[in-house]
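Beneath this line is the structure, given in structure tokens, with notes to follow.
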Amino acid sequence: MTVRTRFAPSPTGYLHIGGARTALYCWLEARHRGGEFILRIEDTDRERSTDAAVQAILDGMNWLGLSHDEGPYYQTLRMDRYQAVADELLKAGKAYYAYESKEEIETMRAAAMAKGEKPRYDGRARDQNLPYRNDPNRVLRFKNPTSGSVVFDDKVKGRIEWSNAELDDLVLIRSDGFPTYNFAVVVDDIDMGITDVIRGDDHVNNTPRQVNIYHALGAAVPSFAHLPMILGPDGQKLSKRHGAVSVMQYRDDGFLPHALLNYLVRLGWSHGDQEIFSVAQMIELFDVADVNKAASRFDLEKLSWLNQQYLKNDDPREVAAHFEWHLRAQGIDPRTGPDPADVVVALRDRARTLKEMAEKAKVWYEPLREYDEAAVAKHLKTATAKPALEAARAQFDALSEWKVEAIHAAIEAAAAAIGEGMGKVAQPLRVALTGTQVSPSIDQTVYLAGRDEALRRIDAAIARA
RNA sequence: GCUCCCUUCGUCUAGCGGCCCAGGACACCGCCCUCUCAAGGCGGGAACACGAGUUCGAACCUCGUAGGGAGCGCCA
């Protein structure tokens, strides 16, 4: 039987970090085992579901490259099917109508609590075989087994046993005719042939009741894997207060999609001491059974480090495509300056994100307007600054080709000409070219400016020296 | 309240009874390299929640305790 996994978000907001990791693990498990990955939108909560959220989830998955093989399926389009299965259960005597009001149920719960038990429905209509009637309180409830226990082997949590005495007769069909979550997932997972249910561990508590429904329907129970949560840096539940929660926010903040993927795959899973995984390696090595049991915290520092690793090791041309996106996002036209791929090479050791890179790259795409006063005082107002700049200018002007190596040699020649070390030429030049004391290596800094602009900036600096 | 789950350096983790007075990575500190800043190299500090068992031997097995989390809806 071919493996089929699914990611089933409810469209009530953007794709967040936790959801993205769940989707990644489902996707990897399917790819690793040569199976299929299905996307299903659980939109039965009509109050909170929006089309915008559906689009946001699709966008997030698309950016991460988590392609689905089937779907998206929408639960709201499957209402007839849930009703049909419910009727089946009713006919088989495995479900029944109940008509208690919210107040009555509330009273039952309070009574159970008072006895030191869980708040739940007491099953009073269970054996009454009440007929269908048009009543605003009408719900269809599941006849949960009253004795014995439910057992399932969770691929990450291990064997979990649950006494049926702890479970009550859950609602299958609400009074508004919509199925409840626990019923709809089971019907969907059966219909869609899902073999491996991989989801957040906030669902472990639902699993025993779902297993009972599988049994009542005579369907094969899939294997389950419940993933631990991702916590914020402070160990608290991830929320908007912790900054970026939406996956797309990470794109805006300058992260590469596969850096995020790499970070996410290592959060709760590992393969020996390996830290860097290409997507192909993830697919080859991932096994959901190796996922850790405990929750983990999100650490932006490590994500940033990983991002820089990819910035440094990926093909500059590929990084440049993402880099240009960020240049534009910051209002810079890439055509007004050097080749973005060259800029990537110059800045990838100095920036952890593409956003940071784009900010640092502005000097080459916009005219130099300001000088840092401290930089001017320290490196331009010296006895050697002017001769150094003049010597460098002469060398640059005479260069037959404008290349980093040639520029490097020219600067060395200029230093030799005035009898000083590299530093005495490099620093004034750096201030001349960027207005600051910090930039990539001086030859690259000069190169990226282009000869005409470099000479212009040097002339302006000489005038100030 | 009840049920279920979890617990190795600050963080992510390796470890699946002897290879561990616990390894790697991020972060941090120091040194080296150096035209600035980085990157890189080398080195350093830093953890098995606690208590009982089982065993010749426990981070690994069992049971408690403590702490944390999830759920107990006609929400998903």
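Just so we're on the same page: letters track the sequence lines, and every chain starts at 1.
- In this model, no side-chain donor or acceptor of Arg120(A) finds a partner on the base of C72(B) within 3.5 Å.
- With hydrogens and angles ignored, no donor-acceptor pair closer than 3.5 Å exists between the side chain of Gln274(A) and the base of G24(B).
- Of the candidates A76(B), C6(B), C35(B), C35(B) carries the atom nearest the Arg430(A) side chain, counting heavy atoms from C-beta on.
- The nucleotide whose nearest atom lies closest to any side-chain atom of Lys312(A) is, among A39(B), U13(B), G24(B), A39(B).
- As judged by a 4.0 angstrom heavy-atom cut-off over every strand, Ser441(A) is placed among the base-contacting residues.
- A cation-pi arrangement is not found for Arg209(A) relative to Phe142(A), the charged atom failing to lie both closer than 6.0 Å to the ring centre and inside a 45° cone about the ring normal.
- Base engagement by Ser439(A) is indicated by at least one non-hydrogen atom pair under 4.0 Å involving a base atom.
- Counting any heavy atom pair closer than 4.0 Å across all strands shown, Glu100(A) reaches a base atom.
- Taking atom CZ of residue Phe152(A) and atom P of nucleotide C4(B), one finds them 12 Å apart after rounding to whole Å.
- Using a 4.0 Å heavy-atom cutoff across all strands shown, Lys115(A) reaches no nucleic acid atom at all.
- Looking at heavy-atom distances under 4.0 Å, Lys157(A) makes contact with sugar-phosphate atoms alone, never a base.
- Residue Glu166(A) is classed as a sugar-phosphate contact, given heavy-atom separations below 4.0 Å to backbone atoms only.
- The pairing partner recorded for G40(B) is C32(B), the criterion being a Watson-Crick or G-U wobble arrangement whose two distances lie under 3.5 angstrom.
- Base pairing of G45(B): no nucleotide in any strand meets the Watson-Crick or G-U wobble criterion (both distances under 3.5 Å).
- Atom CE in Met108(A) sits about 13 Å away from atom C1' in G73(B), given to the nearest Å.
- Across the protein-nucleic acid pair, Met422(A) atom CE and U36(B) atom P stand 10 Å apart, rounded to whole Å.
- A58(B) and G24(B) have their P atoms separated by 25 Å, given to the nearest Å.
- Nucleotides G45(B) and U7(B) place their C1' atoms 24 Å apart, quoted to the nearest Å.
- Separating the P atom of A25(B) from that of G43(B) is a span of 11 Å, rounded to the nearest Å.
- For Asp273(A) and G23(B), a side-chain-to-base donor-acceptor distance below 3.5 Å is present, hydrogens and geometry of angles not being considered.
- The residue Leu267(A) sits close only to the backbone: its heavy atoms come under 4.0 Å of sugar-phosphate atoms, none of a base.
- Among the heavy atoms of the strands lying under 4.0 Å from Ser175(A) is at least one base atom, whether or not backbone atoms are also near.
- Nucleotide C16(B) is matched to nothing when pairs are restricted to Watson-Crick or G-U wobble geometry with both distances under 3.5 angstrom.
- Contacts of Gln437(A) with the nucleic acid, taken as non-hydrogen atoms under 4.0 Å apart, include base atoms.
- Close to C12(B), at under 4.0 Å from its OP1 or OP2, lies no side-chain N or O of Ser296(A).
- Within the 4.0 Å cut-off from OP1 or OP2 of C74(B), not a single side-chain nitrogen or oxygen of Arg46(A) is found.
- Using a 4.0 Å heavy-atom criterion, one finds that Arg138(A) contacts no nucleic acid atom at all.
- At a threshold of 4.0 angstrom between heavy atoms, the contacts of Arg109(A) are confined to the sugar-phosphate backbone, with no base atom among them.
- Residue contacts for Gly268(A): at a heavy-atom cut-off of 4.0 Å it reaches the sugar-phosphate backbone alone, with no base atom in range.
- In this structure, Arg266(A) reaches the bases: a heavy-atom distance under 4.0 Å links it to at least one base atom across the strands shown.
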